[in-house]
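To start, the structure under review is shown below, and the notes come after it.
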Amino acid sequence: MTTEAFPTLYPTTPDELAEAVRSAPRVLAVGAGTKPRLSQVGSDVVRIATTKLSGIIEYEPSEFTFTALAGTTVREIAATLAKRGQYLPFDPMLLQAGATIGGTVAAGMSGPGRWRFGGLRDFILGVRFVDGTGRLVRMGGKVVKNAAGFDIPKFFVGGLGRFGAMAEITFKVFPKPAASITFQVATKDPAAKARVIQAVANTRWELDAVEAPVSEAVVFLRLGGPAASLEALSNEIMTQFPGHVIPEENAVEVWRRVGEFAWSQPLPTLGKVALTPARVVEFTGWVQSQAGARGWIGAAGNVGFIARRDGDFAASPWPGIVLRGEGPLWLGPRSDPAISRAVKAALDPDQRFPTLDA
Amino acid sequence: MTRSVPLSPVIQRLVALLPAGRVLTGQAHVAAYECDGLTAFQAKPLAVVVPETQEEVIAVVRFCAAEKLPFVARGSGTSLSGGSLPVATGIVITLNRLNRILTLDIHQRFAVVEPGVVNLAVTTAAQPYGLHYAPDPSSQSVCTIGGNVAFNAGGAHCLKYGMTSNHVLGLKAVLATGEVVEFGSASREQIGPDWTGLFVGNEGLFGIALEITLQLLPRAEVFHTVLAGYGTLEQAGDAVTAVVASGLLPGAIEIMDALALEAATAAVHADYPPGCEAVLIVELEGPREVVAADRERLDAILAASNPIEVRPARDAKERLAIWKGRKSAFSAVGRLSPDFIVQDGVVPRRRLGEALRKINAWSREMGVRCANVFHAGDGNLHPLILYDGREEGALQRAEELAGRILKMCVEMGGSITGEHGVGVEKREYLPVMFNAVEVDVLHRLHEAFDPFRIANPGKMFPVAAAPALSHSGLHPLEKAGVISRE
């Protein structure tokens, strides 16, 4: 942990957040700290905790939209939506760990359900944030469809709070499927696993999630829909792929393993890479070449997670980021186009927020 | 060649930079690029460049950056917001010859395409493998992916599937500074800030996309498309509310009003239940078991919504007929009026009825006819304001109604544009939606990408001097029935 030279600030309103940003030459907004590597920055940086900047400020179930303050926990949001039969289909991660919606956006953490309808970037509609000059601005919109202005809300996904401090975020939501079934498909080796992942992703079933641990001979699938349709679909899936339906009480545990990174415990370091389905076998080899490492293949081979004892990662062929523990912030190839510095200068001319380099 | 004016020195240097035949300066050639789908605005560019390779596009943009020469990138010119309106002091770079699908990866479900590839061509290429490219603007048979990316094009299936930006995984672009960048990849995961997301919808102000990686989706196994006729527009709106409240997630929910129905009937002989003031179209899609279950619920909801008649499409042919009527509606309205303005403001869905009442009241009060066809599922209005440009003051009245509608959208908490972009058409309304500080932030971002303001100038941001208005009726392609305004 970095030693903190300054006391953490706790704004409770967007205006107080703006004031907090203006109060010091170097600041960074942090949420619940569930991805601590992302906010591990220099000791001259004053931390602005969003934990008291919390609450759902608008929710219109009939519009499929809500707006929440950045420090609202994903758990609170999910519970509120569930009461009206709605959800964020991308399964925001680290819900039980207390992740905030702002931290989830800044870290770009989309969970297993992203496979069906898309990730965070596909559901974020608007953001109100404090720019590097301390001004509160609203970008995007509060309706499900909007094409006015540059899409800064999307740019904030994965932006690590380096371009602005988020005060409020507006999302699109969907009605939650009435029922869902989790399957476990057996695979005999990594190549077979990769084949299953690609095969199930290209079927008529429209699966919600396709996930697999690197070191177990299994692929987990989730299918959502009206209860009346699931039995027939489930029978068909099981005739084509060897495996079984996981009873509901155990299925909860499967998705907790994925969404809370329970599979990575007790390894302290956790990284994420952008993968493509054709390179799942290669990813498996990369994880297994590192002593004591564990891995997870998410979103039908589009994201890979790796957990290690330390931050001494083998060179990654894929761009990635370290979320927790030691090690560099970025993994793998990283380009640094001139436009990146120009945009940073536009939104944060005095570098009040840290750069993407730290 | 009809040109008699000698070429300016800068155009002479541009001609020298490229292989022969790439730079068109003849009046007849240039005239074809004077306007796009927003025909009320026209401007004659200095020249039209027709590059054939990415390298040529990069060379031209770098030339423009060095010379501070404004450029307007153009695909098929179907923009409804004047997004590819030329500037008289600059050139048009037309990208139709960069029309190759570079990669079609059916296993990983993505395609890499050049900007001049036509939207529908992606689905056509993917279809044999059971895949499709989801965004389906009404002009999809001619509009290009490059234009779709620049303006974040929508379509009839946005509530469930999102807009263009939700289907672009990565891209290579030449920025207005001449810098060539690569954002994103073929992975659905993005590491670091979402540059791809920021680029999509930039309205041509950041630069030109050279290669675009698109996600492909499996085509739904079955569709269930229902057309329901109502005695009033309000009943149709109430039916939408009921469908949405039920927890169903239809692929499309569309409404057409009486004037739009009249036009579609005249144009493509669409057949609607007699006595209808409004028609609702709802489409379910997915695995057959899911659609079968959802269909029962939809049928019950529609039966309880006081329809005059409910007509489910019994086969693919009937489904296509329903969509043909819907997608032709706007070009069909062209038969009712020599000129029209179409907008795409968004209101919260629950306020659709209120918005339509206001539009109709203003329409009567001002004596300006207005047809409505809209994406009801996402509150995306498409008021089609009819006028005759030869009539003194008619365009001004039409524009006044258009302005009132845009302000209403913002006041109701919506947006001035759902899918056409701000362009030239709505640039004076950007400050209605965003305050001065917010417009300043957009300006700063713009300047980071284009310090010389040479890329597609005059779009998105309000300017003191607007180009001269003219009235010229339907776009030539529209008259031919190839494109339509949605």
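The sequence lines fix the lettering, A, B, ..., with proteins before strands; numbering per chain opens at 1.
In this structure, chain B has no heavy atom under 4.5 Å from any part of A:Leu160. Contact of A:Asp131 with chain B is made through the side chain alone, with heavy-atom distances under 4.5 Å. Proximity to chain B involves both the backbone and the side chain of A:Phe150, based on heavy atoms less than 4.5 angstrom apart. With a 4.5 angstrom heavy-atom cutoff, A:Glu236 touches chain B only via side-chain atoms. There is no contact between A:Ala299 and chain B, counting heavy-atom distances below 4.5 Å. When heavy atoms are compared at a cutoff of 4.5 Å, A:Glu231 does not approach chain B at all. Looking at A:Ile152, the atoms closer than 4.5 Å to chain B (heavy atoms on both sides) sit in the backbone and in the side chain alike. If you measure heavy-atom distances from A:Thr203 to chain B, the contacts under 4.5 Å come from the backbone alone. Residue A:Pro177 does not touch chain B at all, counting heavy-atom pairs closer than 4.5 Å. For A:Phe163, the part sitting under 4.5 Å from any heavy atom of chain B is the side chain, from C-beta outward, and nothing else. Heavy atoms of A:Trp318 lying under 4.5 Å from chain B are absent altogether. Heavy-atom distances place the side chain of A:Lys172, and not its backbone, under 4.5 Å from chain B. The part of A:Arg114 that comes within reach of chain B is its side chain, from C-beta onward, which places non-hydrogen atoms under 4.5 angstrom from that chain. In this structure, the portion of A:Pro226 lying under 4.5 Å from any heavy atom of chain B is its side chain and not its backbone.
Looking at every heavy atom in both residues, B:Val422 comes nearest to A:Gly149 through CG2-N, 4.4 Å. Shown here for A:Asn302 and A:Pro277, the closest heavy-atom pair between the two residues is OD1-CD, 3.9 Å.
Options A:Val343, A:Leu356, A:Leu331 differ in how many heavy-atom pairs under 4.5 Å they form with chain B, and the most are formed by A:Val343. Options A:Pro89, A:Ser110, A:Ser340 differ in how many heavy-atom pairs under 4.5 Å they form with chain B, and the most are formed by A:Ser340. Per-residue counts of heavy-atom pairs under 4.5 Å with chain B were compared for A:Trp115, A:Trp205, A:Phe156, A:Phe123; the largest is that of A:Trp115. Highest contact tally toward chain B, considering only A:Val144, A:Val157, A:Asn202, is held by A:Asn202 [criterion: heavy-atom pairs under 4.5 Å]. In terms of heavy-atom pairs under 4.5 angstrom with chain A, the leader among B:Phe199, B:Phe434, B:Tyr161 is B:Phe434. Ranked by heavy-atom pairs under 4.5 Å with chain A, the list B:Arg109, B:Arg297, B:His107 is led by B:Arg109. For the set B:Ser246, B:Pro348, B:Gly154, B:Pro218, the entry with the most heavy-atom pairs within less than 4.5 Å of chain A is B:Pro348. Here B:Glu221 is the residue among B:Glu296, B:Glu447, B:Glu221 with the most heavy-atom pairs under 4.5 Å with chain A. Heavy-atom pairs under 4.5 Å with chain A peak, among B:Val180, B:Asp378, B:Asn202, B:Val244, at B:Asp378. Interface remark: of the candidates A:Glu63, A:Arg162, A:Lys154, A:Glu63 forms the most heavy-atom pairs closer than 4.5 Å to chain B. Taking chain B as the reference chain and counting heavy-atom pairs below 4.5 Å, the highest number among A:Ala228, A:Ala232, A:Ala278 is found for A:Ala278.
Counting heavy atoms from C-beta outward, A:Glu58 and A:Glu168 have side chains that stay 4.5 Å or more apart.
By the 30° and 60° cut-offs, the orientation of the rings of B:His420 relative to B:His382 is parallel.
Looking only at distances, a side-chain donor or acceptor of B:Asp450 sits under 3.5 Å from a matching main-chain atom of B:Ala455. Between the side chain of B:Glu419 and the main chain of B:Asp344, no donor-acceptor pair closer than 3.5 Å is present. The backbone N or O of B:Phe110 sits nowhere less than 3.5 Å from a side-chain atom of B:Asp105 that would complete a donor-acceptor pair. A donor-acceptor pair is defined here as one N or O able to donate and one able to accept, closer than 3.5 Å; no such pair exists between the side chain of A:Glu206 and the backbone of B:Gly286. Under a 3.5 Å cut-off, the side chain of B:His132 and the backbone N or O of B:Ala126 do not form any donor-acceptor pair. Side chain of B:Asn456 to backbone of B:Glu203: a donor-acceptor contact under 3.5 angstrom is found. With hydrogens and angles disregarded, no donor-acceptor distance shorter than 3.5 Å links the side chain of B:Lys160 to the backbone of B:Ala252. No side-chain donor-acceptor contact under 3.5 Å links A:Glu60 to the backbone of A:Thr65.
With salt bridges taken as basic N to acidic carboxylate O contacts below 4.0 Å, none links A:Arg128 and B:Glu438.
Shown here is A:Arg84, whose CZ atom has no more than 12 heavy atoms of other residues, nucleotides or ligands within 6.0 Å.
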